[in-house]
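Worksheet: the structure to be examined is printed underneath.
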Amino acid sequence: MAAAVFHQSLGSLLSPGQTNSTTNLTKLNSKSFKVEVGVFRNKFPRFGNMNIKAIQASSSSSPTSVFDHISSPSINTTEESQKKQNEAALILIRHGESLWNEKNLFTGCVDVPLTKKGVEEAIEAGKRISNIPVDMIYTSSLIRAQMTAMLAMTQHRRKKVPVIVHNETEQARVWSQIFSEETKKQSIPVIASWRLNERMYGELQGLNKQETADRYGKEQVHEWRRSYDIPPPNGESLEMCAERAVAYFKDQIVPQLQSGKNVMIAAHGNSLRSIIMYLDKLTSQEVISLELSTGIPMLYIFKEGSFIRRGSPAGPSEAGVYAYTRSLALYRQKLDEMLN
């Protein structure tokens, strides 16, 4: 398969409103994007102990139970119509340019923020999905992916607020509760997990890519970066990254899509390539040639148990680029009527 650049975006059906219940959410400081992210000590599980304090639902509380209160962004769409259409959107966004991308450094799981260009890319991505219903957001524990998700949602026409879910400790759960049912309805839960993190580049992290090629040879560095099953020193191969990312996707995200929730994932080049490999049934040789642009939303429609890739990078209009489904077109029409 030739190197592919998927410039797509999203479409989806509207999911039914959910019953209200107590939940565990916390407010986001939109000015500084200061959030408690995963703390990494030592190495990943494949290489030794790893003490992770990921921002995600605890094992005793499933995402479904945590988010039952969140109403769908669908506008007065009934549960019966949802069942008939049996369709949900999956939005994938690779984070915008980071400060280490700009410096041509291997970043991996080092937690660095976006550049000004990366911020602009995230905002532009948000404009592209501003008419698409989003019920849940998944992101990695790294700030550049979280910033991308938050900035993108500032452009959404429904103006719902993305709120990071804190269930990592009982105190975090209790302290981050929201006590206004109306505020809950205007919130979108955000779950962050290290399993969606970028591939861990081991001893290459922080090294300049060109200097590394000069030191080890271009062929060796290319093998570390582009082979499927050969990791860099004390790092992860793409295969190892795929094991954790795809397992998390199937265990945590697919059930939400099956329930009719429209999901956005803001993550990284290699974790998203891994998920796309699963969605498109790519071979290990095909996925290593897959290229993803930063800040460009991609669309999959989940329907009747299958994932259908939508969109065209050459579309002359918004509708052409995003390949709107009928249900998405109806959603946008109702959104126009509500806001105008």
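Predicted model only: the values in this text are computed from it and were never measured.
- Rounded to the nearest 0.5 Å, atoms CD (Glu337) and NZ (Lys334) are 8.5 Å apart.
- Contact check for Gln205 versus Met200: side-chain heavy atoms found under the 4.5 Å cut-off.
- In this structure, the side chains of His95 and Asn101 come closer than 4.5 Å at one or more pairs of heavy atoms.
- Considering all non-hydrogen atoms of both residues, Ser187 and Thr183 come closest at OG-O, 2.7 Å.
- Taking each heavy atom of Ala149 and Ala266 in turn, the nearest pair found is CB-CB, 3.7 Å.
- The distance from the CD1 atom of Ile265 to the CE atom of Met136 is 10.5 Å, given to the nearest 0.5 Å.
- Formation of a donor-acceptor pair under 3.5 Å by the Arg157 side chain with backbone atoms of Ser130 is not found in this model.
- Looking at Arg158 and Val134, their side chains never come closer than 4.5 Å, going by heavy atoms from C-beta outward.
- Arg226 and Glu291 are joined by a salt bridge, as a carboxylate oxygen and a charged side-chain nitrogen come within less than 4.0 angstrom of each other.
- With hydrophobic clusters built from ILVMFWY side chains whose heavy atoms lie under 4.5 angstrom apart, Leu238 does not share a cluster with Leu204.
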Verdict with reasoning, Leu279 to Leu90, per side chain to side chain contact (heavy atoms under 4.5 Å, CB included): CA-CA 11 Å; Leu279 298 177; Leu90 172 64; 3.8 Å; yes
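- The side-chain heavy atoms of Ile123 and Gln155, taken from C-beta on, include a pair separated by under 4.5 Å.
- A donor-acceptor distance shorter than 3.5 angstrom exists from the side chain of Arg244 to the backbone of Arg195, with no hydrogens or angles considered.
- Separating the NZ atom in Lys261 from the CE atom in Met264 is a distance of 15.0 Å, to the nearest 0.5 Å.
- The main-chain N or O of Arg225 is found under 3.5 Å from a side-chain atom of Arg199 such that the two form a donor-acceptor pair.
- Between the side chains of Gln146 and Thr139, no donor-acceptor pair is found at a separation under 3.5 Å.
- For the side-chain hydrogen bond (donor to acceptor under 3.5 Å, both in side chains) test with His268, the passing option among Ser98, Ser140, Ser274 is Ser140; the others fail.
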Output, in order, the C-alpha distance, side-chain angles, deciding distance and verdict of side chain to side chain contact (heavy atoms under 4.5 Å, CB included) for Val119 and Leu151. CA-CA 7 Å; Val119 169; Leu151 286 166; 3.8 Å; yes
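- By the 4.0 Å N-to-carboxylate-O rule, Glu181 lies close enough to Lys184 to be salt-bridged with it.
- Within 6.0 Å of NZ on Lys209 lie more than 12 heavy atoms contributed by other residues, nucleotides or ligands.
- Although no hydrogens or angles enter the test, the distance criterion places a donor-acceptor pair under 3.5 Å between the side chain of Asp135 and the main chain of Asn262.
- For the atom pair CD of Gln258 and CD of Glu304, the computed distance is 13.0 Å after rounding to the nearest 0.5 Å.
- A tilted orientation is assigned to the rings of Phe307 and Phe302, their planes being inclined by 30° to 60°.
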Using the rule given for side chain to side chain contact (heavy atoms under 4.5 Å, CB included), can you reason through Val190 versus Met150, listing the C-alpha separation, both sets of side-chain angles and the distance that settles it, and then say yes or no? CA-CA 9 Å; Val190 180; Met150 302 306 173; 4.0 Å; yes
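- With hydrogens and angles disregarded, no donor-acceptor distance shorter than 3.5 Å links the side chain of Asp280 to the backbone of Leu282.
- Heavy-atom minimum distance, Leu196 versus Ser271: O-OG, 2.9 Å.
- Judged by distance alone, with hydrogens and angles left aside, the side-chain atoms of Asp229 form no donor-acceptor pair with the main-chain N or O of Ser237 at under 3.5 Å.
- Side chain to side chain, Thr294 and Glu121 meet the donor-acceptor criterion of an N or O pair below 3.5 Å.
- At least one donor-acceptor pair under 3.5 Å links the side chain of Arg273 to the backbone N or O of Val287.
- Leu292 places a side-chain heavy atom less than 4.5 Å from the side chain of Ile276.
- Cluster membership for Leu207 and Tyr201, using ILVMFWY side-chain heavy atoms within less than 4.5 angstrom, is shared.
- Side-chain atoms of Lys160 come within 3.5 Å of backbone N or O of Lys185 as a donor-acceptor pair.
- Between Lys117 and Glu120 there is no salt bridge, since none of the side-chain N atoms of the basic residue sits less than 4.0 Å from a carboxylate O of the acidic one.
- A distance of 7.5 Å separates CD1 in Ile93 from OG1 in Thr148, rounded to the nearest 0.5 Å.
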Under the criterion side chain to side chain contact (heavy atoms under 4.5 Å, CB included), I'd like the reasoning laid out for Ser284 against Glu239: C-alpha separation, chi angles, the key distance, then a yes or no. CA-CA 8 Å; Ser284 59; Glu239 181 181 33; over 6 Å; no
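- A pairwise comparison of heavy atoms in Thr283 and Met277 identifies C-CE, 3.9 Å as the closest pair.
- Taking every heavy atom of both residues into account, Pro189 and Val165 meet most closely at CB-CG2, 3.9 Å.
- With hydrogens and angles disregarded, a donor-acceptor distance shorter than 3.5 Å links the side chain of Asp111 to the backbone of Ile143.
- Leu272 and Val254 fall within a single hydrophobic cluster, where Ile, Leu, Val, Met, Phe, Trp and Tyr side chains are chained together by heavy-atom contacts under 4.5 Å.
- Within the model, atoms CD1 of Ile301 and OG of Ser306 stand 12.5 Å from one another, a figure rounded to the nearest 0.5 Å.
- In plain terms, the two heavy atoms of Leu142 and Gly108 that are nearest each other are CD1-O, 3.9 Å.
- A continuous path of Ile, Leu, Val, Met, Phe, Trp and Tyr side chains, each step under 4.5 Å between heavy atoms, connects Leu339 with Tyr331, placing both in one hydrophobic cluster.
- Judged by distance alone, with hydrogens and angles left aside, the side-chain atoms of Ser227 form no donor-acceptor pair with the main-chain N or O of Trp224 at under 3.5 Å.
- Residues His166 and Trp175 fail the side-chain proximity criterion, which asks for heavy atoms closer than 4.5 Å.
- Side-chain contact between Phe106 and Val221 is present, with at least one heavy-atom pair separated by less than 4.5 Å.
- Residues Tyr248 and Leu92 fall within the same hydrophobic cluster, defined by Ile, Leu, Val, Met, Phe, Trp and Tyr side chains chained together at heavy-atom separations under 4.5 Å.
- By the 4.5 Å heavy-atom criterion applied to side chains, Glu219 and His222 are not counted as neighbours.
- A salt bridge is defined here as a Lys NZ or Arg NE, NH1 or NH2 lying under 4.0 Å from an Asp or Glu carboxylate O, and Arg144 with Glu198 fails to meet this definition.
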